[in-house]
Protein chains: 2
Amino acid sequence: MALAHTILALLLKRPGSGYDITKSFDEELSCYWKATQQQVYRELNKLTKQGWVNFETVPQAGKPDKKLYHITETGKQELTRWYTEPTEPTPIREDLLVKVLIGYKMPQPMLIEELKHRQKIHSELLAEYRAIEAKHMAGNQDVEMQFMYLTLKRGIAYETSWLTWCEEVIAMLPHLTEKPDKDLPSLP
Amino acid sequence: MALAHTILALLLKRPGSGYDITKSFDEELSCYWKATQQQVYRELNKLTKQGWVNFETVPQAGKPDKKLYHITETGKQELTRWYTEPTEPTPIREDLLVKVLIGYKMPQPMLIEELKHRQKIHSELLAEYRAIEAKHMAGNQDVEMQFMYLTLKRGIAYETSWLTWCEEVIAMLPHLTEKPDKDLPSLP
DNA sequence: TTGACATACTCAACATGTTGAGTATACTTT
DNA sequence: AAAGTATACTCAACATGTTGAGTATGTCAA
């Protein structure tokens with residue numbers, strides 16, 4: 001039910017349309033939560049049925065009408081209840097590590113390619129977060145921004161730890177005994 | 001389809017029963033992949049239908065019969081195909097960061113409690129991984145172990161980065177402007 | 001004027017993951 | 001002798017996430 005609560009949290013900050021919420025997921029929340037438009041709209045329907053949010057239809061000049069969603073009193077109660085529940089670390093599912101695990105059965109250059117690919121992705125994300133940090137987080141900000149910064153710091157730490165690991169593994173790989181599995185079919 | 005390929009990867013290392021595979025997920029893979037028994041058995045059925053694995057029924061003295069699964073030639077082909085595909089970072093979904101994001105609307109001691117709770121979890125996991133590192137990874141190991149160590153290093157890096165972040169945030173929180181939302185219903 | 005982009009929302013099918021109950025056997029501990 | 005633990009597997013319902021198509025309107029630039 002965590003998606004529901006994430007949407008409630010966004011609506012607690014300020015009312016918004018499904019479109020606005022989707023944008024928030026793409027922008028401010030992207031480093032720790034991703035949700036597609038479809039998920040957001042489906043969830044908003046459910047939340048409306050449960051009475052945790054409601055909406056007013058807002059006609060707009062030059063744009064389609066929008067449904068502006070608000071969190072309700074019941075919704076705030078639910079969010080507060082959720083807030084007191086201890087959270088557990090999210091289960092991770094990393095294919096890359098599965099590839100590393102059987103790396104000794106596969107041609108090593110393939111694994112190194114893959115690691116470099118990931119290294120690139122993580123360094124790009126890191127650069128992006130650092131740019132946001134420099135642009136929006138410098139100097140005195142309001143409380144809302146200060147708390148957003150804490151979440152951004154998590155994104156930075158996450159990408160940094162990936163990058164370091166990639167570098168280390170790429171450096172270590174050539175020194176491990178190579179023993180590709182002769183059983184495996186060769187690539188087309 | 002990544003669960004399927006993870007199971008194929010385990011069966012490439014050695015044949016095993018559904019039970020064995022579930023145990024592997026709990027033990028060696030736990031720091032980057034979790035799967036329940038139900039998922040494993042369901043997936044093994046699918047893999048069998050697809051011809052990527054097959055099994056022999058092995059009667060055992062003093063234990064129930066088991067189905068010993070093997071990866072097939074087709075399965076190896078599929079695993080190799082998958083191995084060449086670039087992986088993307090797994091989308092993350094972290095409720096804790098959602099809580100931090102709206103932390104300025106909530107009573108601060110509540111958030112600090114939560115952060116300390118997570119700090120404890122991550123330090124326990126870290127200690128666990130370090131123990132495995134000390135016990136099994138020291139000295140000369142075979143290639144298989146060397147590659148497993150690389151994945152363990154990822155687990156260690158991950159938990160370390162969480163721990164550092166928790167500490168930093170706990171230290172920073174008291175210095176941020178506190179402004180709990182008076183609108184929110186008080187807790188029961 | 002055509003096409004890309006931003007706003008705004010809906011539907012359907014499918015894949016994947018979670019939760020909980022249920023069926024066995026056998027060994028070990030209390 | 002009963003309870004707990006480990007081995008070994010199955011079924012069902014539901015929640016959640018993914019993929020892809022479809023419907024609109026209006027702005028801006030090539």
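Throughout, protein chains are lettered first and strands after them, A, B, ... in sequence-line order, and every chain is numbered starting at 1.
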**OP:** For A:Asn45 and A:Thr48, test the side chains for any donor-to-acceptor distance below 3.5 angstrom and give the result as yes or no.
**Re:** no
Subject >> Rounded distance (Å) that lies between atom C1' of D:dG17 and atom CG of B:Leu3 >> reply: 15 Å
Original post:
Which whole-number value in Å describes the distance from A:Glu88 CD to C:dT18 P?
Top reply: 13 Å
**OP:** Assess the side chains of B:Tyr149 and B:Glu133: does a donor N or O sit below 3.5 Å from an acceptor N or O?
**Re:** yes
**OP:** For B:Glu27 and D:dT7, give me the distance from atom CD to atom C1', rounded to whole Å.
**Re:** 13 Å
Subject >> Criterion side chain to side chain contact (heavy atoms under 4.5 Å, CB included) against A:Lys99, the qualifying member of B:Leu79, B:Thr87, B:Thr6 >> reply: B:Thr87
**OP:** Round to the nearest Å and state the distance from B:Gln39 atom CD to D:dA15 atom P.
**Re:** 17 Å
Original post:
Among C:dT18, D:dT18, D:dT7, which is the nearest nucleotide to the side chain of A:Thr36?
Top reply: D:dT18
**OP:** Take B:Pro91 and B:Lys23, find for each the nucleotide of DNA chain D with the closest heavy atom, and name the residue whose nucleotide sits nearer the 5' end.
**Re:** B:Lys23
Subject >> Residues B:Tyr83, A:Glu114; criterion side chain to side chain donor-acceptor pair (under 3.5 Å); working and verdict >> reply: CA-CA 9 Å; B:Tyr83 206 86; A:Glu114 181 62 24; over 6 Å; no
**OP:** With rounding to the nearest 0.5 Å, note down the distance linking OH in A:Tyr19 to CD in A:Gln37.
**Re:** 7.0 Å
Subject >> Interatomic distance, A:Glu56 CD vs C:dA8 P [rounded to whole Å] >> reply: 14 Å
Every protein N/O within reach of nucleotides 9-11 of chain C N/O, cut-off under 3.5 Å:
residue: C:dC9; atom: OP1; partner: A:Lys67; partner atom: N; Å: 2.4
residue: C:dC9; atom: OP2; partner: A:Gly18; partner atom: N; Å: 3.2
residue: C:dC9; atom: OP2; partner: A:Tyr19; partner atom: N; Å: 3.3
residue: C:dC9; atom: OP2; partner: A:Tyr41; partner atom: OH; Å: 3.2
residue: C:dC9; atom: N4; partner: A:Gln37; partner atom: OE1; Å: 3.1
residue: C:dT10; atom: OP1; partner: A:Lys67; partner atom: NZ; Å: 2.8

Subject >> Between P of C:dT16 and CZ of B:Phe25, the distance in whole Å >> reply: 13 Å
Subject >> Whether A:Arg93 side chain and B:Lys34 backbone form a donor-acceptor pair below 3.5 Å >> reply: yes
**OP:** Measure the distance from CZ on B:Arg93 to P on D:dA15 and round it to the nearest whole Å.
**Re:** 17 Å
Original post:
Can you tell me how far P of C:dA15 sits from CD of B:Glu43, to the nearest Å?
Top reply: 11 Å
Subject >> Phosphate-side-chain proximity, B:Lys34 and C:dT18, N/O vs OP1/OP2 below 4.0 Å >> reply: no
Original post:
Any luck finding a side-chain donor-acceptor pair between A:Thr90 and B:Glu94 under 3.5 Å?
Top reply: yes
